[in-house]
Q: 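There's a structure below that I have some questions on.
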Amino acid sequence: MRHPRSPFLLPLAVAFSALALASPLRSQAFTRVIGAGDALPGLPSPLGSISEAPGMSGDHIAFVGTYQEGAGFVTAVFSNASGSFEIVARTGQTMPTESVPFQFLFRMAVDGDSVAVLGSSFVGGIAREGIYGNHTGALTEYVDRSDFIPGGSGPFTQIANRPFSMDGGRAVFNGSGNSQQRGVYMVDAFTGFVQRIADGSTATPGQPAGSTFFTFGAPHIHAERVSFAASSSTASGIYDQYGAGVAPLQLLADTSTVLPFGGTANLLAAIAIDEADSVIQAYSPDAGLHTHVDNQLATLADGATPIPGGSGTFPEFNNFAISGGRVVFEAYDFIQGGQLGVFTNWCGALTPLVVPGDVIDGQVVQHVLFDEDSLDGDQLLASISFTSGLPAIYLIDLSAVRHYGEAYASPGNLRPTLSAIGCPAPGSAVEFRLRDGPVGGGGFLASGLAAASVPFFNGGTLLVQPDFLHPISLEAPTSVISGGWHDSLQQVPNDPAFSGVTFYAQAVLRDPLLAGAWLFSDGLELPIQ
């Protein structure tokens, strides 16, 4: 049974109205992961520069960094898949299937607990280049210049001249060969089998007969979906293939597609994908980012969009990523040569995440580096450089609702957890979900404008300064819920006074097994958009 809408926020309306002129709060949490100057076990010197955008998949984090060894510097790929950061590959290490060392390592991709990297060497006048990774445990070669081009003639002469992408043990990359051979290819990390996705002989979907691809942008893979930008003599567009190399190519959008504002694009340059959603970069003639969801295009931001929290409109866009429908993108001014900030479509409205001049850990932000591999759900992993001090990698929590503190249960009882579903914004509803509570105990939701940390006599902690207490009763467990539960739909008043205010909540429950004892859920922090 879902409980009816219960306006427990309403008693706070007077308190909120006094804050109506407060500026919107950017309250995402920044957690420093690792940075230049940090000592790592087994390294002869502290970590130096961080040269590439870091990548993540769940709790797995990987990055490319340098350190000093003797009189020289080493570039290495680091991964924490084993629990602490260890080296996956490094310059000076012998290349798999070769007898020469890596000279360069760059363009990394993270795939589950594994990581792959583009490595190269030019020793003895011979260029060696390939994608290498540790999917099979040890560092192995997936594809290199000795592999013959599927559907082409001769071996590859260049691999991954643009960033490559990896998911499910398969990497997609740009490859080229002699006689202007070029295309998008996929390699299986476990078998080394290389197959063609599209090349210069592939007919361009949606274009007249005889039209074939000529140039290709960086490809991306997510589950069974491969997407890339490409151009022919008649159009440029964004193309999809489902079935990872099996199904026919599909046209997502091209220069004949009508964009949301009514015009068409001169160039469709790049794409970032999730399993079903996309972000497309188009020029028409101003730069724009457009989402493609459920076969519908919508403008995320373009040259007419005001910069939130700044002045003027967006001039240009650089890196961008999408995960679970959330988009993170970098605004850039190429004429002035500077990053304007990193933004997201939080709760349906563009919101700045990090902008130059922000202060993190007492340091002034200069630049933020991320790519499509850096976003996973509500977590963004980014390398941040500062006007002074050393750069560091930060995990940025993008969630609209955040947990804090710890739940407490007395012996013999479940540990209650509190969560919230929805976007906390004026006029919207947020559903609070309490799980693993004691049946028959009852209690209340404590809510207020400030967090707290007040020890209770039996070991629990009150995490909210309560402005209001909303009584609740718990339902009996169901086949899918192990403990007592309660759902409550709460309405945020449609009043701009609420915007920019942070709200806190916690469930406090009576323990039916121990007279006078109370159980406490974890706390929830809800920044109102």
Q: What is the minimum heavy-atom distance between A425 and I528, and which atoms define it?
A: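 Scanning both residues completely, I find the closest heavy atoms to be CA-CG2, 4.0 Å.
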
Q: Do L259 and T299 come within less than 4.5 Å of each other through their side chains, counting heavy atoms only?
A: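 L259 vs T299: side chains apart.
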
Q: Can you confirm whether L434 sits close enough to L509 that some side-chain heavy atom of one is under 4.5 Å from a side-chain heavy atom of the other?
A: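 The answer is yes, as the side chains (C-beta and beyond) meet within the 4.5 Å cut-off.
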
Q: Go through the structure and list residues passing side-chain contact (heavy atoms from CB on, under 4.5 Å) with P455, not counting sequence neighbours.
A: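 If we apply the side-chain contact (heavy atoms from CB on, under 4.5 Å) test to P455, skipping adjacent residues, there are no hits.
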
Q: In the structure I gave you, are the side-chain heavy atoms of N295 and H292 within less than 4.5 Å of one another anywhere?
A: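 Yes, their side chains come closer than 4.5 Å.
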
Q: Under the rule for ring pair (Phe, Tyr, Trp, His ring centres under 6.0 Å), what residues qualify as partners of H135, not counting sequence neighbours?
A: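 Scan of H135 (ring pair (Phe, Tyr, Trp, His ring centres under 6.0 Å), adjacent residues dropped) gives Y142, F190.
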
Q: Measuring only between side-chain heavy atoms, which start at C-beta, is V364 closer than 4.5 Å to D358?
A: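 In short, these two side chains do not touch, never coming nearer than 4.5 Å.
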
Q: Can you list the residues that meet the ring pair (Phe, Tyr, Trp, His ring centres under 6.0 Å) rule with F329, with sequence neighbours excluded?
A: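 So F329 forms a ring pair (Phe, Tyr, Trp, His ring centres under 6.0 Å) with F314, F317, F343.
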
Q: Using a strict threshold of under 4.0 Å (side-chain N to carboxylate O), is an ion pair present between R435 and D487?
A: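 A salt bridge is present here (some side-chain N lies under 4.0 Å from a carboxylate O).
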
Q: Are the side chains of V368 and S383 in contact, using a 4.5 Å heavy-atom criterion?
A: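 Side-chain contact under 4.5 Å: no.
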
Q: Holding to side chain to side chain donor-acceptor pair (under 3.5 Å), I want the full list of residues that pass it with D376, two or more places apart in sequence or in another chain.
A: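 In terms of side chain to side chain donor-acceptor pair (under 3.5 Å), with neighbours along the sequence ignored, D376 is linked to no residue.
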
Q: If only side-chain N and O atoms count, and only distance matters, is there a donor-acceptor pair under 3.5 Å linking R225 with S278?
A: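 Looking only at side-chain atoms, R225 and S278 do form a donor-acceptor pair, the distance falling under 3.5 Å.
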
Q: Y332: what forms a ring pair (Phe, Tyr, Trp, His ring centres under 6.0 Å) with it, not counting sequence neighbours?
A: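 Y332 satisfies ring pair (Phe, Tyr, Trp, His ring centres under 6.0 Å) with F334 once adjacent residues are dropped.
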
Q: Within the 3.5 Å criterion, strictly below it, is a donor on S114 or D111 matched to an acceptor on the partner's side chain?
A: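 No, D111 and S114 have no side-chain donor paired with an acceptor closer than 3.5 Å.
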
Q: Which pair of non-hydrogen atoms, one from L350 and one from A301, has the smallest distance, and what is that distance?
A: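 Here L350 and A301 meet closest at CD1-CB, 3.9 Å.
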
Q: Compile the donor-acceptor pairs under 3.5 Å between side chains in residues 387-396 and protein atoms, sequence neighbours left out, one pair per line.
A:
{"unit_1": "Y394", "atom_1": "OH", "unit_2": "D361", "atom_2": "OD2", "d": "2.6"}

Q: Applying side chain to side chain donor-acceptor pair (under 3.5 Å), run through Q281 and Y283 and close with a yes or a no.
A: CA-CA 7 Å; Q281 184 179 30; Y283 294 87; 3.3 Å; yes

Q: What pairs with R326 under salt bridge (charged side-chain N to carboxylate O under 4.0 Å, His left out), at least two apart in sequence or on another chain?
A: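 If we apply the salt bridge (charged side-chain N to carboxylate O under 4.0 Å, His left out) test to R326, skipping adjacent residues, the hits are D378.
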
Q: If you take all heavy atoms of V115 and A62, which pair is closest and at what distance?
A: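 It is CG2-CB, 3.9 Å.
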
Q: In terms of the angle between their ring planes, are Y408 and F520 parallel, tilted or perpendicular, with boundaries placed at 30° and 60°?
A: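 Because their plane-to-plane angle lies in the 30° to 60° range, the rings of Y408 and F520 count as tilted.
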
Q: Taking side chain to side chain donor-acceptor pair (under 3.5 Å) as the cut-off, I'd like each qualifying pair that reaches into residues 303-313, sequence neighbours left out, listed once.
A: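 Every side chain to side chain donor-acceptor pair (under 3.5 Å) pair that includes a residue of residues 303-313, provided the two are not neighbours, is D302-T305.
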
Q: Considering all heavy atoms of both residues, which atom of T344 and which atom of V328 are nearest to each other, and what is their separation?
A: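 What the structure gives for the nearest pair is OG1-CG2, 4.0 Å.
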
Q: Minimum heavy-atom separation for S57 and V110, please, with both atom names.
A: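 Between these two residues, the closest heavy atoms are CB-CG1, 3.8 Å.
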
Q: Under a 4.5 Å cut-off applied to non-hydrogen side-chain atoms, are L526 and Y504 in contact?
A: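 The answer is no, as the side chains (C-beta and beyond) never meet within the 4.5 Å cut-off.
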
Q: Tell me, which pairs form a salt bridge (charged side-chain N to carboxylate O under 4.0 Å, His left out) where one or both residues lie in residues 32-54, sequence neighbours left out?
A: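 The answer is R32-D38.
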
Q: When you compare the side chains of D113 and H60, does any donor N or O come within less than 3.5 Å of an acceptor on the partner?
A: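 No, no side-chain donor-acceptor contact under 3.5 Å.
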
Q: With a 4.5 Å limit on heavy-atom distance, are the side chains of L340 and V355 in contact?
A: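 The answer is no; the side chains never approach within 4.5 Å.
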
Q: Specify the closest pair of heavy atoms between A270 and I238, including all atoms of both residues, with the distance to one decimal.
A: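 Heavy atoms only, the tightest pair is O-CD1, 3.8 Å.
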
Q: May I have the step-by-step check of side chain to side chain donor-acceptor pair (under 3.5 Å) for H220 and E372, ending in yes or no?
A: CA-CA 9 Å; H220 303 278; E372 191 184 3; 2.3 Å; yes

Q: Scan residues 361-391 for pairs that pass ring-ring contact (aromatic ring centres under 6.0 Å, His included), counting only residues two or more places apart or in two chains.
A: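 Checked against ring-ring contact (aromatic ring centres under 6.0 Å, His included) - neighbours excluded - no pair reaches residues 361-391.
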
Q: According to the side chain to side chain donor-acceptor pair (under 3.5 Å) rule, which pairs have a member within residues 42-51, sequence neighbours left out?
A: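 Counting only pairs at least two positions apart or across chains, the side chain to side chain donor-acceptor pair (under 3.5 Å) contacts touching residues 42-51 are S49-T66.
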
Q: Can you name the side-chain contact (heavy atoms from CB on, under 4.5 Å) partners of P46, sequence neighbours left out?
A: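 None.
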
Q: State, yes or no, whether a side-chain contact exists between V454 and T461 at a heavy-atom distance under 4.5 Å.
A: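 V454 does not reach T461 side chain to side chain.
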
